Undergrad: 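Starting off with a structure, shown below.
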Amino acid sequence: MHQYIRQFAEYVDKTVTAKGWVANMRDSKTNIFIVLRDGTGFAQAVVSLDVVGEEQFEIAKRLTQESAVALKGKVVADERQIGGYELQVESLEVYHVSEEYPISNKEHGVRFLADKRHLWLRSKRQWAIMQVRNAIIIAIHDFFQSKGFIQMDSPIFTGNAVEGTTTLFGTDFFGETAYLAQSGQLYGEAMAMAHGAIYTFGPTFRAEKSDTPRHLAEFWMIEPEMAFYDLDMNMDLIEEFVKSVVRQVVDRCRPQLEMLDRDVDKLMKIDQEFVRLSYDDAIAILKGEKEINGRNAITIQEEDLASAKKAIEEKTAEIAEREAAIKGGVKKGVRKFNETRILQLRKEIANHEEQLRNIPKWIESARNFVHGEDFGNSDETVLTKVFDAPVFVYNWPAPIKAFYMKEVEGDPNYVKGVDLLAPDGHGEIVGGSERENSLAILERKIKEHDLPMEAFEWYLDLRRFGSVPHAGFGLGLERLVRWICDIHHLRETIPFPRRYGRLFP
RNA sequence: GCCUCCAUAGCUCAGUUGGUUAGAGCGCCGGACUGUUAAUCCGUAGGUCCUUGGUUCGAGUCCAAGUGGGGGCGCCA
């Protein structure tokens with residue numbers, strides 16, 4: 001029997017056995033400091049020569065990063081330590097002395113880390129992200145289960161493309177072509193007619209060659225579907241849902257979010273009513289024609305651009321200053337300090353230069369936005385910068401949305417779709433709609449979208465036998481993780497990302 | 001698919017208008033020292049400067065093509 005680091009609070013001044021891996025260590029003549037990780041947390045363990053004796057001390061000294069050990073000792077409260085506790089080792093047992101570990105505690109490139117994903121998962125930052133991911137999953141289930149939603153699964157093999165737009169992965173299904181599911185939505189509707197309110201939670205596959213920080217070829221999606229719900233009720237539910245998940249995650253994972261340097265106060269700006277914009281209003285804001293609390297989307301970008309320029313000037317000047325300072329014979333410590341700082345400044349300047357290249361294009365794109373088009377990546381960023389909390393955009397032009405979305409009464413050019421856009425450039429995290437419940441209109445839409453009618457006969461049955469107003473939405477799990485953790489790239493939000501150009505490990 | 005930046009030690013990066021034997025930090029190994037926090041200090045080892053071709057007396061540096069990667073856009077959620 002052994003104890004987990006997570007439980008140390010319960011064992012203060014008591015003896016425990018912790019089993020885990022050496023995340024980092026330092027040694028001296030009389031003390032060895034081991035940062036132990038056991039999957040539930042990190043804690044420093046101290047091996048003292050006068051406590052364990054010479055033989056065990058020598059064994060401890062020969063440990064390497066990622067060696068596996070069991071450490072028996074007393075738990076001591078110490079505010080200076082990560083986690084707030086320290087283990088004073090009395091004896092140790094070695095399971096395995098690790099070979100030289102490739103991932104050091106210093107910086108690494110993304111490519112290098114991606115190739116070592118199976119080991120990278122052990123790193124503190126990746127550990128924290130996966131802990132948050134787990135908390136999000138639990139919070140999602142808690143929310144829907146507490147509301148009486150039934151969790152059901154949609155098939156992964158499907159015989160046809162749901163919306164006819166996306167590129168799917170084809171497989172051989174006993175001689176027939178089957179596609180990997182891109183959405184469980186249509187099946188969700190059938191299940192909602194059986195159980196009232198349901199949600200699916202499963203993997204989704206897209207074969208687009210999308211090489212961006214917000215795309216994966218395989219990702220997890222949550223798709224609730226509710227009978228007797230309209231667009232407004234749908235938005236109410238989405239808002240309540242997102243708030244509930246964020247609050248629960250912050251409550252349970254604050255230390256992990258702090259490890260990730262997540263600004264939790266900023267995240268908690270969700271504690272306000274989410275603004276609901278029609279597509280037309282959203283465009284006016286995007287183009288800078290309409291302001292929100294004195295904030296203009298275009299102006300904000302121009303300010304960002306100006307401050308990037310200024311930062312480059314200042315940092316270039318600082319580099320010159322520091323280079324001059326270390327030119328002559330200076331003490332080694334001084335030189336090292338300045339060199340480190342110069343390297344950091346260069347990196348920051350490179351980032352600012354990216355901004356200088358990108359922001360003008362974004363402004364251009366926002367200014368020239370054509371009514372009727374879908375929002376591009378940068379458009380979402382420009383729009384959401386005006387708000388602190390997620391923002392809804394509803395009533396979209398019919399041609400750019402799926403065939404199953406319900407037409408706005410009296411205006412068939414628009415449909416009752418809704419997207420929820422997260423702040424700080426995280427973009428769309430939820431996409432949903434009220435579904436078309438009229439058989440005649442749906443048949444017309446399927447023809448307009450040039451989809452094979454016979455493939456949708458079963459779906460049309462839902463409008464033949466007790467058709468009711470209903471609505472639902474899809475939430476991309478990884479995009480939610482990305483926003484809550486404030487991570488740049490989706491590849492860090494899933495244990496083993498599958499994306500364009502990445503199938504290994 | 002398009003635009004753009006890049007490829008130098010195990011890792012992260014310097015390398016001046018093209019010039020003689022290509023450097024630093026970290027990591028590894030050896031040592032010193034310390035209740036240490038990515039510790040610090042001294043020392044050793046470690047290189048197909050992505051590939052191919054070209055310009056040149058001379059190429060890590062310039063040119064072309066290829067390969068691989070980062071960032072942005074598109075497709076898309």
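Every chain is numbered from 1 and lettered A, B, ... according to where its sequence line falls, protein lines coming before strand lines. On a predicted model such as this, the values are computed, not experimentally measured, just so you know.
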Undergrad: Determine the interatomic distance between P on B/C3 and the same-named atom on B/G66; round to the nearest Å.
TA: 13 Å
Undergrad: Base, sugar-phosphate alone, or nothing: which one does A/Tyr101 contact when heavy atoms must sit under 4.0 Å apart?
TA: nothing
Undergrad: Expressed as a whole number of Å, how far does the P atom of B/C2 sit from that of B/U61?
TA: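 Rounded to whole Å, the distance is 27 Å.
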Undergrad: Working to the nearest 0.5 Å, report the span between CG of A/Leu480 and CZ of A/Arg133.
TA: 10.5 Å
Undergrad: If you compare all heavy atoms of A/Ser123 against all heavy atoms of A/Ile103, which two are closest, and at what distance to 0.1 Å?
TA: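 In this case the closest contact between A/Ser123 and A/Ile103 is OG-CG2, 4.1 Å.
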Undergrad: With rounding to whole Å, what would you report as the distance between B/U4 and B/C42 at their P atoms?
TA: 46 Å
Undergrad: Within the pair A/Asn377 and B/G74, is there a side-chain N or O less than 4.0 Å away from OP1 or OP2?
TA: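 So the side-chain polar atoms of A/Asn377 do come within 4.0 Å of the phosphate oxygens OP1 or OP2 of B/G74, strictly under.
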Undergrad: For nucleotides B/C13 and B/A7, find the distance between their P atoms and express it as a whole number of Å.
TA: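 About 10 Å, rounded to a whole number of Å.
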Undergrad: Taking any heavy-atom pair under 4.0 Å as a contact, classify A/Ile103: base, sugar-phosphate, or nothing.
TA: nothing
Undergrad: What are the two closest non-hydrogen atoms of A/Ile140 and A/Val245, and how far apart are they?
TA: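 Where A/Ile140 meets A/Val245 most closely, the heavy atoms are CG1-CG2, 4.0 Å.
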Undergrad: Centre of A/Phe112's six-membered ring, under 6.0 Å away, within 45 degrees of the axis: is that where NZ or CZ of A/Lys116 sits?
TA: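 Output yes; distance and angle both within limits.
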Undergrad: A/Ser378 side chain: which of B/C29, B/G35, B/C73 is closest?
TA: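 The answer is B/C73, which lies nearest to the side chain.
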Undergrad: Taking any strand in view, what nucleotide pairs with B/U36 in a Watson-Crick or G-U wobble way, both distances under 3.5 Å?
TA: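 Because no pair has both required distances under 3.5 Å, B/U36 counts as unpaired.
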Undergrad: Base, sugar-phosphate, or nothing: which does A/Gly376 touch, judged by heavy atoms less than 4.0 Å apart?
TA: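 Sugar-phosphate contact only.
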Undergrad: For RNA chain B, what residues of residues 485-501 of chain A have any heavy atom nearer than 4.0 Å?
TA: A/His488, A/His489, A/Arg491
Undergrad: Does a nitrogen or oxygen in the side chain of A/Asn24 sit under 4.0 Å from OP1 or OP2 of B/A39?
TA: yes
Undergrad: Please state whether the phosphate of B/C33, meaning OP1 or OP2, lies under 4.0 angstrom from any side-chain nitrogen or oxygen of A/Lys29.
TA: yes
Undergrad: With both distances under 3.5 Å as the test, what is the Watson-Crick or G-U wobble partner of B/G1?
TA: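 Base-paired to B/C73.
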Undergrad: What is the minimum heavy-atom distance between A/Thr204 and A/Ser183, and which atoms define it?
TA: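 Closest approach of A/Thr204 to A/Ser183: CG2-N, 4.1 Å.
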Undergrad: Among the candidates B/G71, B/G35, B/A38, find the nucleotide nearest to the side-chain atoms of A/Gln44.
TA: B/G35
Undergrad: Select one nucleotide: of B/G35, B/C75, B/G71, the one nearest the side-chain heavy atoms of A/Glu208.
TA: B/C75
Undergrad: For nucleotides B/G10 and B/C50, find the distance between their P atoms and express it as a whole number of Å.
TA: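 Per the computed distance, 13 Å lies between those P atoms.
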Undergrad: NA contact type, A/Glu364, heavy-atom cut-off 4.0 Å: base, sugar-phosphate, or nothing?
TA: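 Counting heavy atoms under 4.0 Å across all strands, no contact is made by A/Glu364.
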Undergrad: Which base sits across from B/U16 as a Watson-Crick or G-U pair, both distances under 3.5 Å?
TA: none
Undergrad: Quick one: A/Gln301 CD to B/G72 C1', roughly how many Å, whole number?
TA: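 One finds 14 Å between C1' of B/G72 and CD of A/Gln301, rounded.
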Undergrad: Identify all pairs in which a protein N or O lies below 3.5 Å from an N or O of nucleotides 6-12 of chain B, and state each distance.
TA:
{"residue": "B/C11", "atom": "O2'", "partner": "A/Glu107", "partner atom": "O", "Å": "2.9"}
{"residue": "B/C11", "atom": "O2'", "partner": "A/His108", "partner atom": "ND1", "Å": "2.6"}
{"residue": "B/U12", "atom": "OP1", "partner": "A/Gly109", "partner atom": "N", "Å": "2.6"}

Undergrad: Where the side chain of A/Ser210 is concerned, which of B/G70, B/A77, B/G74 is the nearest nucleotide?
TA: B/G74
Undergrad: Within the 4.0 Å heavy-atom criterion, would you say A/Gln81 contacts the bases, only the backbone, or no part of the nucleic acid?
TA: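 It contacts base atoms.
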Undergrad: Can you tell which of B/G71, B/A14, B/A77 lies closest to the side chain of A/Arg206?
TA: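 The closest nucleotide is B/A77.
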Undergrad: Could you state the atom-to-atom distance from CD1 of A/Ile359 to C1' of B/G71 in whole Å?
TA: 13 Å
Undergrad: What is the pairing partner of B/G43, taking Watson-Crick or G-U wobble pairs with both distances under 3.5 Å in any strand?
TA: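 Pair assignment: B/G43 / B/C29.
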Undergrad: List the atom of A/Arg122, the atom of A/Arg37, and the distance in Å for their closest heavy-atom pair.
TA: CD-NH2, 3.0 Å
Undergrad: Can you see if the side chain of A/Arg26 gets near the phosphate of B/A39 - specifically, an N or O under 4.0 Å from OP1 or OP2?
TA: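 So the side chain of A/Arg26 is within the cut-off, an N or O lying under 4.0 Å from OP1 or OP2 of B/A39.
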Undergrad: Quick check with a 6.0 Å cut-off and a 45 degree axis cone: is A/Lys243 positioned over the face of A/Phe274's six-membered ring?
TA: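 Yes, a cation-pi geometry.
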Undergrad: Strictly by modelled atom types, are A/Gln256 and A/Arg262 linked by a side-chain donor-acceptor pair under 3.5 Å?
TA: no
Undergrad: Taking the C1' atom in each of B/G18 and B/C49, what is the distance between them to the nearest angstrom?
TA: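 The same atom, C1', in both gives a distance of 15 Å.
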Undergrad: Under 4.0 Å between any heavy atoms, over every strand shown, what does A/Asp211 touch: base, sugar-phosphate, or nothing? Just pick one.
TA: base
Undergrad: Give the nucleotide from the list B/A14, B/C73, B/G70 with an atom nearest to the side chain of A/Thr212.
TA: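 Nucleotide nearest to A/Thr212's side chain: B/C73.
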Undergrad: When you measure from the side chain of A/Arg111, which nucleotide among B/A14, B/G68, B/G35 comes out closest?
TA: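 It is B/G68.
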Undergrad: Ring of A/Phe33 versus six-membered ring of B/G35: centres under 5.5 Å and planes under 30°?
TA: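 A stacking contact does not exist, since A/Phe33 is not both close and nearly parallel to the base ring of B/G35.
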Undergrad: Give a yes or no on whether the ring-centroid distance for A/Tyr279 and A/Phe375 is below 6.0 angstrom.
TA: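 Under 6.0 Å, so yes.
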Undergrad: Measure CH2/A/Trp362 against P/B/C3 and give the value in whole Å, please.
TA: 20 Å
Undergrad: For B/G54 and B/A59, measure between their P atoms and round to the nearest Å.
TA: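 It comes out at 12 Å once rounded to the nearest Å.
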Undergrad: Roughly how far apart are A/Glu436 CD and A/His470 NE2, rounded to 0.5 Å?
TA: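 Atom-to-atom, A/Glu436:CD and A/His470:NE2 are 9.5 Å apart.
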Undergrad: Using the ring-ring contact (aromatic ring centres under 6.0 Å, His included) rule, pick out the option among A/Phe143, A/Phe144, A/Tyr187 that qualifies with A/Tyr199.
TA: A/Phe144
Undergrad: Could you work out which one of B/G69, B/C5, B/G71 sits closest to the side chain of A/Arg357?
TA: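 Out of B/G69, B/C5, B/G71, the nucleotide with an atom closest to A/Arg357's side chain is B/C5.
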Undergrad: Tell me the partner of B/A65, counting only Watson-Crick (N1-N3 plus N6-O4 or O6-N4) or G-U wobble (N1-O2 and O6-N3) with both under 3.5 Å; none if nothing fits.
TA: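 In the structure as shown, B/A65 has B/U51 as its Watson-Crick or wobble partner.
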Undergrad: Examine A/Lys416 relative to A/Tyr394 and say whether NZ or CZ is less than 6.0 Å from the centre of the six-membered ring and inside a 45° cone about the ring axis.
TA: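 No, cation not above the ring by the 6.0 Å, 45° rule.
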Undergrad: If I pick the C1' atom on B/C57 and the same atom on B/A14, what distance separates them, to the nearest angstrom?
TA: 29 Å
